[in-house]
2 protein chains.
Amino acid sequence: MTTGGISRRGLFGLAGAGVAGAALGGGATYAATATLGNGSAVARTYPFRGLHQSGIVTPAQDRLHFAAFDVSDITRDELLELLADWTTAAERMTTGLGAGPYGAASGPYDAPPDDTGEALDLPPGGLTITFGFGPTLFDDRFGLAGRRPDALEELPHFPGDALEENRSGGDLCIQACSDDPQVAVHAIRNLSRIAFGRATLRWSQLGFGRTSSTTRAQTTPRNLFGFKDGTANLRAEDTTQVERHVWVNDGDGPAWMTGGSYLVARRIRMTIETWDRTSLREQERVIGRTKGVGAPLSGGEEFTPVDFSVTGRDDAPLIDPASHVSLAHPEHNGGATLLRRGYNFVDGNDQLGRLDAGLFFIAFQRDPRTQFVPIQLSLARNDAMNEYVRHVGSGVFAVPPGSRSGEPVGERLFA
Amino acid sequence: MTTGGISRRGLFGLAGAGVAGAALGGGATYAATATLGNGSAVARTYPFRGLHQSGIVTPAQDRLHFAAFDVSDITRDELLELLADWTTAAERMTTGLGAGPYGAASGPYDAPPDDTGEALDLPPGGLTITFGFGPTLFDDRFGLAGRRPDALEELPHFPGDALEENRSGGDLCIQACSDDPQVAVHAIRNLSRIAFGRATLRWSQLGFGRTSSTTRAQTTPRNLFGFKDGTANLRAEDTTQVERHVWVNDGDGPAWMTGGSYLVARRIRMTIETWDRTSLREQERVIGRTKGVGAPLSGGEEFTPVDFSVTGRDDAPLIDPASHVSLAHPEHNGGATLLRRGYNFVDGNDQLGRLDAGLFFIAFQRDPRTQFVPIQLSLARNDAMNEYVRHVGSGVFAVPPGSRSGEPVGERLFA
């Protein structure tokens, strides 16, 4: 299942008509060049297989390509075959190999290359590839309706939502993260090719400058408001908290999801031109932290616990109850929290010369109904930040557990 | 002219109404945190001042944010003041400082911060900021009509051009390159703010995975066709060639451009889904090189000179005369060549699920009339690659020489 394990149909997607047979016959591989590239690329790899999928508590890489797909008119068996082909190719690519056994640059010459080649000389840069299932996958097309976890329901409409159809939803999702954007793009491109005739790219999003740390070794990065983002994020080292808030536990729902998680994605456009003309005092009031070191306005340094009881002049609380840090805090959400793993984005500009920029929010959790949904409802109603953000894209996906050697990701859903 | 040198109007752009006076009064600066960031960021800096602008023969950084601006209804003096403000801020940012003297996170609290802050903890990552003037700047608005270099004329329509108005042209351009995309984005964002009321963002483009080496120390990167791109590019070390093909020489045209160069930008969309279903043989025929090591099809290794006279079966040339390498070669263009400095881009996908991806081509040259234009005319007519690319955006800009300490970039145009 490591090389040559892609189905005849998957090879057709890679290689085009008329050559799948030839490609199936060979066992040649090309060796990945795992030397250091120019600039930022690094040779770090993360194992694709395991109890959980990688790309969740994995130290957040610097770059993202996220893609949502709609499944075409295929059978249940063909859907499972697609997942098997994706699994095989993903495992190869995370080790630095090409998507298919023939790679990008070796025979058969009369067939399209198995791999598109743009990552040929690049190390994997910590590539992780994470697969998820959207609620629409559980309609009547594949006989999966009875297997939908209760936790996987469409998100409600939140006040202020301005969702665009072509940036929302999807039957399947793939999150590719790497320290090199070319590696992440290469992964999504080749998985899209493999899906040819079986699933179509619905929307995709590139991101840079991750906005959250997922391990204590990482310093807190900044979002495009210029503030540190993710200071209070869950960290991989907090295993008890991660077990409680991120992983689907045994008995939480259908067994096929045990060890999995739920991914919520939101494309949050920031009206940065407006923000940039707001006083530093107002910016810090909206966030509830200082812009420089990221300390809570109640005092201390970045990692000092937030104290909502501290008051200043006129007995007013130093941290505004409508601030983002207050409304998002577990203390004000019945203990609910999220593992955030988002990225900044800038996608050029709109016709008015405003940058199309913001935060591509990604969060993992054990159950969106008790975590993202109530937190976001509170934020959408009261957050002082709402004046400067607009949610324009959205998706929720069940991320199945990791797969054992030879097992397609998500296979247990079909068992 | 180093700190506090931004005009009252520029500070207004940074800081909003009512506080420019206060901001002008202070001399406080904040120290850049030039430690290593997470992941890829590096502390490398390039000098902003010099005989030539940086960002041309500078070793190509990994990431790009390119922006074109239209100048608003302002006077000639106000235009020069904008250039002076941009120069001051650009010089600061290339050393790792914030855009303005107060930075992102220190007083006056009732004013918007001078800097937006998202690069606050990041090293400059080799940031270069390069300014250019479009042909439209030389109309009758600023009394510059008589100063337009003959070499700066609108590009002709090339066969197959499918240019989009909102990805083409512009009175001014800024090329920001860094090894960290957040640093490049930060530069364009803050320069846009400084231009408030004086120039408006017309279009912008992000790029990653540079497609050309500009020094011999850099290995050749790959474009999204999966091929090495830029093997035969001019290199900074070839000073005689650079002097001959890149820099405007004394006597070439108006004195204010001596030491400058001309930048041509083309947004080249690749129909990668079609390309990906093309045989390896056909891909290599179209390019004229092997996909693996990038050797010319006439034989040898990557840097072996191309030999168009070598023939194979039936006396057919091994390198197709319609191949890209043949048509772009100086030998077939009267010796004309370019310093290429382009980047790959992926901007999500279109409604048909195709990736909006390709090459953001940037080239510097001494005179587009004898370099880019004839080469591109030949390519547009005959290049076998045309089946897989579409030029959708375009711009040509006069890049003035570097500036001396205290001198705004391009000031000699106004002298």
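Predicted model only: the values in this text are computed from it and were never measured.
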Subject >> Top contributor to chain A contacts, counting heavy-atom pairs under 4.5 Å, from B:Glu284, B:Lys228, B:Gln205 >> reply: B:Glu284
Original post:
Pick from B:Ala67, B:Gly348, B:Ser192, B:Ala357: which one has the most heavy-atom pairs with chain A under 4.5 Å?
Top reply: B:Gly348
Original post:
Hey, which of A:Arg354, A:Gln283, A:Arg189 has the most heavy atom pairs under 4.5 Å with chain B?
Top reply: A:Arg189
**OP:** Report the distance from atom CD of B:Gln182 to atom CG of B:Leu120, rounding to the nearest 0.5 Å.
**Re:** 11.0 Å
**OP:** Compute whether any side-chain donor of one residue and acceptor of the other, for A:Asn349 and B:Ser204, lie under 3.5 angstrom apart.
**Re:** yes
**OP:** Heavy-atom pairs under 4.5 Å with chain B are the metric here; pick the option from A:Phe225, A:Trp275, A:Phe66, A:Trp203 that has the most.
**Re:** A:Trp203
**OP:** Go through the atoms of B:Phe345 and report whether side chain, backbone, both or neither lie under 4.5 Å from a heavy atom of chain A.
**Re:** neither
Original post:
So, B:Asp171 side chain and B:Val71 main chain: donor-acceptor pair closer than 3.5 Å or not?
Top reply: yes
**OP:** Determine yes or no for a side-chain-to-main-chain donor-acceptor pair under 3.5 angstrom, with B:Thr211 supplying the side chain and B:Gly342 the backbone.
**Re:** yes
Subject >> Engaged part of A:Leu206 at the chain B interface, taking heavy atoms whose separation is under 4.5 Å >> reply: side chain
Original post:
Side chain, backbone, both or neither: which part of A:Asp347 has a heavy atom under 4.5 Å from chain B?
Top reply: neither
Subject >> Distance (rounded to the nearest 0.5 Å) between A:Tyr343 OH and A:Gln61 CD >> reply: 5.0 Å
Original post:
Which one, B:Ile188, B:Thr278, B:Asn190, leads in non-hydrogen pairs under 4.5 Å with chain A?
Top reply: B:Thr278
Subject >> Heavy-atom contact with chain B under 4.5 Å, split by part of A:Phe227 >> reply: neither
Original post:
In terms of heavy-atom pairs under 4.5 Å, which option from B:Leu201, B:Asn344, B:Leu280 contacts chain A the most?
Top reply: B:Leu280
Subject >> Candidate pair A:Arg267 and A:Asp356, rule salt bridge (Lys or Arg N to Asp or Glu O under 4.0 Å), full reasoning >> reply: CA-CA 11 Å; A:Arg267 187 179 195 266; A:Asp356 181 4; 3.3 Å; yes
Original post:
Would B:His186 and B:Asp180 count as having a side-chain donor-acceptor pair, cut-off 3.5 Å?
Top reply: no
Original post:
Of the listed residues (A:Thr200, A:Thr116, A:Asp70), which shares the most heavy-atom pairs with chain B below a 4.5 Å separation?
Top reply: A:Thr116
**OP:** With a 4.5 angstrom heavy-atom cut-off, could you sort out which part of A:Val346 is near chain B: side chain, backbone, both or neither?
**Re:** both
Subject >> chain B contact via A:Arg167 - which portion, at a heavy-atom distance below 4.5 Å >> reply: neither
Subject >> A:Gln351 portion near chain B, given a 4.5 angstrom heavy-atom threshold >> reply: side chain
Subject >> For A:Ser279, all residues meeting side-chain contact (heavy atoms from CB on, under 4.5 Å), sequence neighbours excluded >> reply: A:Arg281, A:Glu282
**OP:** Name the option with the most non-hydrogen atom pairs under 4.5 Å to chain A; the candidates are B:Asp229, B:Ile272, B:Val293.
**Re:** B:Ile272
**OP:** Measure the CZ-CG distance between B:Phe69 and B:Leu172 for me, rounded to the nearest 0.5 Å.
**Re:** 8.0 Å
**OP:** Report yes if some heavy atom in the side chain of A:Asp114 is under 4.5 Å from a heavy atom in the side chain of A:Pro101; otherwise report no.
**Re:** yes
**OP:** Output the option from B:Lys291, B:Arg222, B:Glu273, B:Glu118 having the highest count of non-hydrogen pairs under 4.5 Å with chain A.
**Re:** B:Arg222
